[in-house]
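To start, the structure under review is shown below, and the notes come after it.
Keep in mind the model is a prediction, meaning the values are calculated, not measured.
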Amino acid sequence: MLAPGSSYQNILRRMKRLGGPYDVYGTLYGATPVLHIAHPALSRAVLESKRKSPGYDHFKDFCGTGVFTADGVEWKEKRAAVMQTVFNHARLGAVQDLALSEASRLLLQADAVAQSSPDGSLNFLQLTQRMTLSFIYRFLTGKSWESHSSVYLQAVVEVRLVVLAYSRSMWALSRTAYRWLSALWRREKAALRTIHSFAAAAVQDAR
């Protein structure tokens with residue numbers, strides 16, 4: 001997580017200045033200690049942790065109790081189900097063809113945006129985010145997601161900003177008080193309605 005106003009570049013520069021072997025930088029948001037990590041070894045250790053709670057509890061409103069938030073045996077069972085569904089031999093060819101198609105579209109879009117920009121610059125992160133989501137949506141549903149894309153991405157960004165603000169506020173001390181009294185929760189709830197509507201549309205398109 002990054003503090004509002006910070007950038008990935010600033011965090012990475014601070015990691016480098018500390019000179020540690022694993023590129024770690026620690027901060028304190030209110031009463032919440034946060035560790036920024038970049039090294040693959042530490043990322044793997046975090047992802048293989050047996051307990052995600054309470055660190056991941058806030059994300060359950062966003063994505064439920066799926067692979068991302070599940071723990072232990074439940075996580076292993078859900079991960080196995082996802083892997084079996086997505087990466088069985090019958091679908092690997094389709095994955096490859098679709099990935100190549102989306103990559104080609106990404107390059108064409110990047111060229112078009114760069115040529116239309118006065119200084120030839122472009123927001124490549126935004127383009128790759130849209131390409132990744134388009135790839136996943138088309139793979140799961142067989143349909144285009146363009147009609148949903150703008151509002152969905154805006155809602156995801158809003159949730160990310162709210163989670164960051166929540167993590168460094170007094171509301172982190174009480175989830176109940178946060179839901180009853182905080183304006184942040186009202187912003188989060190509005191964004192979640194958009195995200196859940198998008199998920200419902202994806203399920204409908206996949207039928």
Side-chain angles (χ1 to χ4, degrees), residues 1-2 4 6-9 11-12 38 40 43-44 46-47 52 56 58-70 75 77-164 187-207:
M1 291 184 176
L2 297 177
S6 295
S7 68
Y8 290 103
Q9 290 76 17
I11 293 294
L12 292 173
S43 299
R44 181 174 182 177
V46 170
L47 293 172
K52 296 179 180 177
Y56 279 54
H58 197 99
F59 293 99
K60 289 182 179 179
D61 291 324
F62 178 24
C63 54
T65 53
V67 173
F68 185 67
T69 55
W75 173 81
E77 291 175 347
K78 290 182 175 181
R79 182 178 183 276
V82 170
M83 296 296 287
Q84 182 178 3
T85 301
V86 175
F87 294 109
N88 64 60
H89 291 295
R91 304 190 76 182
L92 285 179
V95 170
Q96 181 179 0
D97 293 342
L98 185 55
L100 290 173
S101 171
E102 289 295 331
S104 297
R105 280 210 314 149
L106 171 66
L107 293 176
L108 291 173
Q109 289 177 8
D111 284 341
V113 172
Q115 290 175 13
S116 64
S117 173
D119 58 357
S121 63
L122 71 157
N123 186 338
F124 198 71
L125 175 61
Q126 187 178 73
L127 287 176
T128 53
Q129 286 175 332
R130 293 176 67 87
M131 185 275 287
T132 302
L133 289 168
S134 176
F135 166 73
I136 294 171
Y137 198 92
R138 286 179 63 194
F139 176 71
L140 293 177
T141 70
K143 298 179 181 178
S144 170
W145 81 305
E146 297 302 326
S147 61
H148 312 293
S149 59
S150 296
V151 290
Y152 174 76
L153 284 174
Q154 290 171 5
V156 170
V157 170
E158 175 73 351
V159 167
R160 181 177 67 86
L161 293 175
V162 168
V163 170
L164 287 172
R187 286 174 54 189
E188 180 182 353
K189 191 174 181 180
L192 288 173
R193 279 197 294 268
T194 299
I195 292 168
H196 293 161
S197 295
F198 173 82
V203 172
Q204 187 65 35
D205 281 347
R207 290 176 176 171

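In this structure, CG on L100 lies 9.5 Å from CZ on F135, to the nearest 0.5 angstrom. The distance from atom CD of Q109 to atom CZ of R130, rounded to the nearest 0.5 Å, is 7.5 Å.
In this structure T132 satisfies the side chain to side chain contact (heavy atoms under 4.5 Å, CB included) test together with I136, sequence neighbours excluded. Partners of K189 under the salt bridge (Lys or Arg N to Asp or Glu O under 4.0 Å) rule, at least two apart in sequence or in another chain, do not exist in this structure. The side-chain hydrogen bond (donor to acceptor under 3.5 Å, both in side chains) search around Q204 returns R207, not counting sequence neighbours. In this structure, the side-chain hydrogen bond (donor to acceptor under 3.5 Å, both in side chains) partners of S134, at least two apart in sequence or on a different chain, are E102, R105. Residues meeting the side chain to side chain contact (heavy atoms under 4.5 Å, CB included) test with D119, sequence neighbours left out: S117, S121. The salt bridge (Lys or Arg N to Asp or Glu O under 4.0 Å) check on R187 picks up E158, with sequence neighbours excluded.
With a 4.5 Å cut-off on side-chain heavy atoms, V151 and F198 do not count as touching.
Shown here for V67 and R79, the closest heavy-atom pair between the two residues is CG2-N, 3.9 Å. Heavy atoms only, all atoms of each residue included: I195 and Y152 are closest at CG2-CE1, 4.1 Å. The shortest heavy-atom contact between A110 and L127 is CA-CD1, 3.8 Å. Taking all atoms of both residues into account, the shortest heavy-atom contact from R138 to L98 is CZ-CD1, 3.4 Å.
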